[in-house]
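This report refers to the structure that appears directly beneath it.
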Protein chains: 2
Amino acid sequence: MKNPVYIKIVEDIRNKVNNGDLNPGDDIPSETALCKEYDTSRMTVRKGLAILMNEGYIYSIPGKGYFVEKPDFNKYTIYYDEMNNLINNVDNTKLLAVDIIMPPEDLAGNLQISKNKKVIMIRRLFYTDGEPMAYDIKYLLYEKGMPIVENEIEQATFPEMVSRNTSLYGLKKELLIYAKVPEEKTKKLLNIKGDLALLVVEQKLYDSKNKPMGLGITYFRGDYIKLQGISQ
Amino acid sequence: MKNPVYIKIVEDIRNKVNNGDLNPGDDIPSETALCKEYDTSRMTVRKGLAILMNEGYIYSIPGKGYFVEKPDFNKYTIYYDEMNNLINNVDNTKLLAVDIIMPPEDLAGNLQISKNKKVIMIRRLFYTDGEPMAYDIKYLLYEKGMPIVENEIEQATFPEMVSRNTSLYGLKKELLIYAKVPEEKTKKLLNIKGDLALLVVEQKLYDSKNKPMGLGITYFRGDYIKLQGISQ
DNA sequence: GAGTGGTCTAGACCACGTT
DNA sequence: ACGTGGTCTAGACCACTCG
């Protein structure tokens with residue numbers, strides 16, 4: 001029971017919001033009112049309110065006050081690692097090819113480059129217990145000093161490939177997730193005999209200035225992957 | 001150039017981390033050192049450091065100091081709304097059936113209830129431009145006072161169904177995303193003639209005490225849905 | 001014991017909204 | 001003019017880590 005005062009404030013208000021005593025749009029007592037209510041200083045009250053703002057429970061309008069935020073129903077956090085997912089892990093990889101290509105129109109547009117800028121294309125297979133479970137294509141903008149060494153590429157994750165030069169921090173990433181029926185070529189590569197759906201994950205990397213650095217497309221056998229998302 | 005001092009501190013340290021001047025594990029100058037460096041008070045320094053902690057850039061160990069956090073590569077934020085996605089929106093729904101069932105073993109386990117606790121099963125179709133694009137099944141624990149009124153259910157989103165009694169805030173939610181080949185029954189419902197993959201999204205809702213409140217399974221036609229994830 | 005972060009105080013000045 | 005939140009100060013005491 002030696003909790004800091006600001007934690008008490010956070011819990012009180014959070015509980016009131018959670019059980020409906022406070023509803024979205026309602027206003028919260030002012031800082032000075034809370035100072036009196038909890039017999040504490042303004043900075044302590046502000047510390048509690050700052051936490052509630054970070055948690056998305058409330059927001060403030062200077063000159064007006066604090067108000068209850070409307071919850072963000074549809075927001076989830078998902079951890080995506082091309083080598084590991086909820087039901088399967090990659091235990092082996094095979095480098096199929098590394099090519100320098102002139103990007104076709106859609107790829108050039110996707111990477112926001114002109115069509116005469118060369119692109120590195122890396123194709124790999126991911127294995128589990130000797131079975132191919134994913135076919136992976138990466139397109140990377142060629143940068144000077146980028147080491148195209150086979151055994152460095154083979155085991156690398158997409159951010160790892162790109163981050164040899166730049167820090168891992170500035171990177172922005174984008175995922176696109178959809179389902180697709182495999183083409184014949186892909187069925188052969190993934191050793192698919194009957195009917196099987198693919199889960200396709202496109203991964204796009206941007207540098208800190210929002211310039212695309214690469215595009216990855218991974219075709220997972222539908223029976224080897226589940227992605228998990230968690231709210232809050 | 002009238003930025004608050006703590007913003008300047010945040011930006012300086014964030015930049016040092018982003019461009020590699022500071023690396024994961026490195027220690028940050030102490031609060032008192034930063035007070036001198038920026039000629040400001042300790043609370044102002046602490047405000048800046050608190051922001052960097054919230055952003056996941058640094059962490060603190062009482063009695064030791066502040067250190068650079070290692071980045072969370074694989075974390076993405078995804079917005080999932082069963083009625084709206086990146087490439088398509090639902091403009092009409094059809095309620096197929098509402099049934100009270102005794103849960104089969106796997107469902108009872110999933111909802112953490114005994115097999116003789118009744119469950120409401122709701123089946124719907126989602127339409128876009130007159131075409132069925134998703135088949136949706138919801139399993140809800142029956143709660144007293146839950147209004148099973150057809151026209152209330154028909155248009156409701158999963159959290160909306162559950163949140164008639166409880167607040168929307170306490171809810172925890174979990175997604176499971178995978179790809180699947182449709183069964184014959186599903187192909188008929190979704191008017192699928194040739195080969196088409198399904199994107200399946202399972203959505204599980206928990207109350208604030210982590211007790212499951214319901215399970216939803218939505219089978220999307222693969223050509224009607226793309227989910228998007230964004231880093232940080 | 002010296003240095004660190006964690007909590008807290010009792011003031012201050014400012015920009016902003018409302019009346 | 002007054003109340004609101006945003007920034008900031010110059011102290012304080014505590015618990016912790018480390019030499």
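For the numbers below, each heavy atom of this structure counts, side chains included, while hydrogens, waters and symmetry mates do not. Note that the coordinates shown come from a computational prediction; the quantities given were computed from them, not determined experimentally. Chain letters run A, B, ... following the sequence lines, proteins first and then strands; every chain starts at 1.
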Examine [N]: is either OP1 or OP2 under 4.0 Å from a nitrogen or oxygen in the side chain of [X]? Give yes or no.
{"X": "B/Thr32", "N": "C/dG3", "answer": "no"}
{"X": "A/Ser60", "N": "D/dG6", "answer": "yes"}
{"X": "B/Tyr66", "N": "C/dT4", "answer": "no"}
{"X": "B/Tyr6", "N": "D/dT7", "answer": "yes"}
{"X": "A/Ser30", "N": "D/dG3", "answer": "no"}

Keeping [X] on the side-chain end and [Y] on the backbone end, is there a donor-acceptor pair under 3.5 Å?
{"X": "A/Asp91", "Y": "A/Asp129", "answer": "yes"}
{"X": "B/Thr44", "Y": "B/Tyr6", "answer": "no"}
{"X": "A/Lys94", "Y": "A/Tyr127", "answer": "no"}

For B/Lys64, the salt bridge (Lys or Arg N to Asp or Glu O under 4.0 Å) test, sequence neighbours excluded, returns none
Mate of C/dG1 across any strand shown (Watson-Crick or G-U wobble, both atom pairs under 3.5 Å) is D/dC18
Scanning all shown strands, the Watson-Crick or wobble mate of D/dC2 with both distances under 3.5 Å is none
Rounded to whole Å, how long is the line connecting atom [atom1] of [X] with atom [atom2] of [N]?
{"X": "B/Tyr38", "N": "D/dC8", "atom1": "OH", "atom2": "C1'", "answer": "17 Å"}
{"X": "A/Lys47", "N": "D/dT7", "atom1": "NZ", "atom2": "P", "answer": "15 Å"}
{"X": "B/Leu34", "N": "D/dC8", "atom1": "CG", "atom2": "P", "answer": "15 Å"}
{"X": "B/Arg46", "N": "D/dT7", "atom1": "CZ", "atom2": "P", "answer": "17 Å"}
{"X": "B/Lys8", "N": "D/dT7", "atom1": "NZ", "atom2": "P", "answer": "17 Å"}
{"X": "A/Tyr59", "N": "D/dT4", "atom1": "OH", "atom2": "C1'", "answer": "15 Å"}
{"X": "A/Ile28", "N": "D/dT4", "atom1": "CD1", "atom2": "P", "answer": "14 Å"}
{"X": "A/Leu49", "N": "C/dC8", "atom1": "CG", "atom2": "P", "answer": "14 Å"}

Expected string for nucleotides 14-19 of chain D under the B/S/- scheme (protein heavy atoms, under 4.0 Å, primed atoms plus P, OP1, OP2 as sugar-phosphate) is --BSS-
Does [atom1] in [X] sit with more than 12 non-hydrogen atoms of other residues, nucleotides or ligands closer than 6.0 Å?
{"X": "B/Asn210", "atom1": "CG", "result": "yes"}
{"X": "A/Lys172", "atom1": "NZ", "result": "yes"}
{"X": "B/Lys70", "atom1": "NZ", "result": "no"}

**Asked** Taking the six-membered ring for Trp, are B/Tyr219 and B/Tyr135 parallel (under 30°), tilted (30 to 60°) or perpendicular (over 60°)?
**Response** parallel
Detail all sub-3.5 Å separations between protein N/O atoms and N/O atoms belonging to nucleotides 9-13 of chain D.
from	atom 1	to	atom 2	distance (Å)
D/dT9	OP1	B/Thr40	OG1	3.4
D/dT9	OP2	B/Thr40	OG1	2.4
D/dT9	OP2	B/Ser41	N	2.7
D/dT9	OP2	B/Ser41	OG	2.9
D/dT9	OP2	B/Thr44	OG1	3.0
D/dA12	N6	B/Arg42	NH1	3.1

Heavy-atom nearest pair, B/Ile78 first then B/Gln228, reads CG1-O, 3.3 Å
Exactly one of A/Leu175, A/Leu199, A/Ile87, A/Leu86 clears side chain to side chain contact (heavy atoms under 4.5 Å, CB included) with A/Leu227, and that residue is A/Leu199
Of the listed D/dT4, D/dG6, C/dG6, the closest approach to the B/Glu31 side chain comes from C/dG6
